[in-house]
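Treat the numbers as computed from the prediction; the structure is a model and nothing was measured. The analysis underlying the following values was restricted to heavy atoms, covering all of them including side chains, and did not include hydrogens, waters or symmetry mates. Proteins come first, then strands; the chains are lettered A, B, ... in the order of their sequence lines, and each starts at number 1.
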There are 2 protein chains.
Amino acid sequence: MLGMPDPPIVRIDLGSGAPAYAQIVAQLRALLVSGALAPGTRLPTVRQLAVDLGVHHNTVALAYRTLAEEGWLELRRGRGAVVVAREGQRANSRAQEEFSRRLEGLLAKAAADGLSPKAIVREFEALGRELWKEKRR
Amino acid sequence: MLGMPDPPIVRIDLGSGAPAYAQIVAQLRALLVSGALAPGTRLPTVRQLAVDLGVHHNTVALAYRTLAEEGWLELRRGRGAVVVAREGQRANSRAQEEFSRRLEGLLAKAAADGLSPKAIVREFEALGRELWKEKRR
DNA sequence: CATGCTTGTACAATGTATATGTACAATAGT
DNA sequence: ACTATTGTACATATACATTGTACAAGCATG
């Protein structure tokens with residue numbers, strides 16, 4: 001079975017309202033936090049990922065640049081995007097407040113859309129396991 | 001102690017990146033879901049809330065209209081905005097997916113910003129209690 | 001080392017979203 | 001009736017998101 005193309009590393013939902021570049025950033029960040037993308041890993045080129053997702057390569061480039069500014073990636077012309085080791089951030093109160101506010105909005109929206117508290121908690125626990133499974137070692 | 005103005009029903013963070021009207025929607029929806037704003041309650045006028053928050057009244061009006069379309073409010077010229085009883089939504093898979101995706105992004109962002117898993121879980125539980133405290137009766 | 005290809009980047013152009021300024025329509029109170 | 005209050009409609013200004021196109025830096029092959 002040769003020539004089987006790998007599935008794209010991320011999958012975005014165009015027409016979801018959320019900007020494409022932000023979706024790319026969010027999903028890649030999740031993979032980076034979980035350790036699924038370890039330092040040294042080379043990301044697909046901006047053009048490759050762009051065609052996979054059906055967006056312009058500059059849109060992917062903006063996502064990569066955002067993550068590079070956060071310290072996750074190293075970008076160089078002609079070489080590509082490589083995951084780098086990133087020193088842990090100190091939790092500032094700003095981030096804490098921002099998180100609290102957004103989480104409240106998200107939970108309220110889910111409840112308004114009919115999701116049961118049980119389903120919400122289940123999802124939370126599942127995602128938590130996924131995100132920290134590598135880090136717990 | 002007369003003339004003591006009530007604190008605004010919501011508090012938004014201008015310069016937080018998130019659109020003002022979306023922040024208003026999110027916070028009001030949280031109050032509506034929790035039952036803190038029960039059917040029959042009258043919301044502040046668009047102009048009143050606008051000056052409280054330092055935005056234009058049309059911005060508040062857009063937020064109110066959004067919630068009205070979701071079935072939370074009834075809007076009428078000259079009368080104001082009143083909370084109405086809203087029949088519960090059925091949980092569609094669309095909403096479930098959207099929630100999962102956004103929650104994953106939010107948790108990853110929090111972790112990237114240095115928040116510990118413990119702090120994240122604590123916040124989640126606190127908000128959950130707040131959101132469903134009235135509904136559990 | 002020269003040439004061509006691959007990679008990320010810069011920048012202008014376009015469309016969409018967000019916020020505002022202003023005027024209007026419907027309702028309530030007098 | 002009249003006036004004040006309330007949400008609404010619409011045009012305008014500005015910021016954001018996405019794209020088209022051209023460029024700069026690194027790599028590979030001869």
Side-chain angles (χ1 to χ4, degrees), chain A residues 8-29 37 40-84 102 105, chain B residues 5 8-28 37 40-84 102 105:
Chain A
I9 194 174
V10 294
R11 201 169 54 89
I12 69 175
D13 178 10
L14 231 57
S16 126
Y21 90 93
Q23 293 184 48
I24 300 171
V25 167
Q27 290 204 25
L28 286 180
R29 190 161 38 211
L37 290 177
T41 307
R42 187 167 175 178
L43 292 187
T45 72
V46 291
R47 289 162 220 265
Q48 182 59 53
L49 187 52
V51 298
D52 288 348
L53 300 180
V55 297
H56 197 271
H57 64 260
N58 272 348
T59 299
V60 177
L62 175 56
Y64 279 13
R65 220 169 304 138
T66 302
L67 291 170
E69 282 169 9
E70 290 183 14
W72 293 108
L73 303 181
E74 189 185 58
L75 299 178
R76 292 242 204 117
R77 303 182 170 184
R79 305 187 60 172
V82 179
V83 180
V84 298
R102 289 206 196 178
Chain B
I9 195 173
V10 295
R11 199 167 55 88
I12 69 174
D13 177 12
L14 231 54
S16 124
Y21 90 93
Q23 293 184 48
I24 299 171
V25 168
Q27 290 205 24
L28 286 179
L37 289 177
T41 307
R42 187 166 174 180
L43 293 188
T45 72
V46 291
R47 289 161 219 265
Q48 182 59 54
L49 187 51
V51 298
D52 287 349
L53 301 180
V55 297
H56 197 269
H57 64 259
N58 272 349
T59 299
V60 177
L62 175 57
Y64 279 14
R65 220 170 303 138
T66 303
L67 291 169
E69 282 170 9
E70 290 183 15
W72 293 107
L73 303 181
E74 188 185 59
L75 299 178
R76 292 243 204 115
R77 304 183 167 182
R79 305 186 60 171
V82 179
V83 179
V84 299
R102 289 206 195 177

Quiz item: Would you say B/Thr59 reaches C/dT20's phosphate, i.e. side-chain N/O to OP1/OP2 under 4.0 Å?
Solution: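 Yes, within the criterion.
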Practice problem: Could you tell me whether the phosphate oxygens of D/dT8, OP1 or OP2, come under 4.0 Å of any side-chain nitrogen or oxygen in B/Arg65? | Solution: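 Yes.
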Given atom [atom1] of [X] and atom [atom2] of [N], what is their separation to the nearest angstrom?
{"X": "B/Leu43", "N": "D/dT5", "atom1": "CG", "atom2": "C1'", "result": "16 Å"}
{"X": "B/Ile12", "N": "C/dT18", "atom1": "CD1", "atom2": "P", "result": "14 Å"}
{"X": "B/Tyr21", "N": "D/dA15", "atom1": "OH", "atom2": "P", "result": "18 Å"}
{"X": "B/Glu69", "N": "D/dG7", "atom1": "CD", "atom2": "P", "result": "16 Å"}
{"X": "A/Glu74", "N": "C/dT9", "atom1": "CD", "atom2": "C1'", "result": "16 Å"}
{"X": "B/Arg77", "N": "D/dA9", "atom1": "CZ", "atom2": "C1'", "result": "8 Å"}
{"X": "B/Leu53", "N": "C/dT18", "atom1": "CG", "atom2": "P", "result": "17 Å"}
{"X": "A/Gln23", "N": "D/dA17", "atom1": "CD", "atom2": "P", "result": "12 Å"}

Exercise. Grab the two heavy atoms, one from A/Ala63 and one from A/Tyr21, that are nearest each other, plus how far apart they are.
Key: CB-O, 3.8 Å
Quiz item: Taking all non-hydrogen atoms of both residues, which atom of A/Gly105 and which atom of B/Ala26 are closest, and how far apart?
Solution: CA-CB, 4.3 Å
Exercise. Report the residue (B/Val46 or A/Asn58) whose heavy-atom-nearest nucleotide on DNA chain D is the more 5′ of the two.
Key: B/Val46
Quiz item: Taking for each residue the nucleotide of DNA chain D with the nearest heavy atom, is it A/Gly78 or A/Val55 whose nucleotide lies nearer the 5' end?
Solution: A/Val55
Of the listed nucleotides [options], the one nearest the side chain of [X]:
{"X": "B/Arg42", "options": "D/dC27, D/dT6, C/dT20", "value": "D/dT6"}
{"X": "A/Arg79", "options": "D/dT18, D/dG26, D/dG7", "value": "D/dG26"}
{"X": "A/His57", "options": "D/dA24, D/dT8, D/dT21", "value": "D/dT21"}

Quiz item: How is B/Ala22 classified with respect to the nucleic acid when contacts are heavy atoms under 4.0 Å: base, sugar-phosphate, or nothing?
Solution: nothing
Quiz item: Does a distance-only test, which skips hydrogens and angles, find a donor-acceptor pair under 3.5 Å between the side chain of A/Arg47 and the base of C/dG8?
Solution: yes
Quiz item: Can you find a donor-acceptor N/O pair under 3.5 angstrom joining the side chain of B/His56 to the base of C/dG21?
Solution: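 Result: at least one qualifying N/O pair found.
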Self-check item: Step-by-step side-chain contact (heavy atoms from CB on, under 4.5 Å) determination, B/Gln27 to B/Ile24
Solution: CA-CA 5 Å; B/Gln27 290 205 24; B/Ile24 299 171; over 6 Å; no
Quiz item: Would a distance-only check, ignoring hydrogens and angles, find a side-chain to backbone donor-acceptor pair under 3.5 Å from A/Thr66 to A/Leu62?
Solution: yes
Quiz prompt | salt_bridge(B/Arg79, B/Glu74) N-O dist < 4.0 Å | solution =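 Salt bridge absent between B/Arg79 and B/Glu74.
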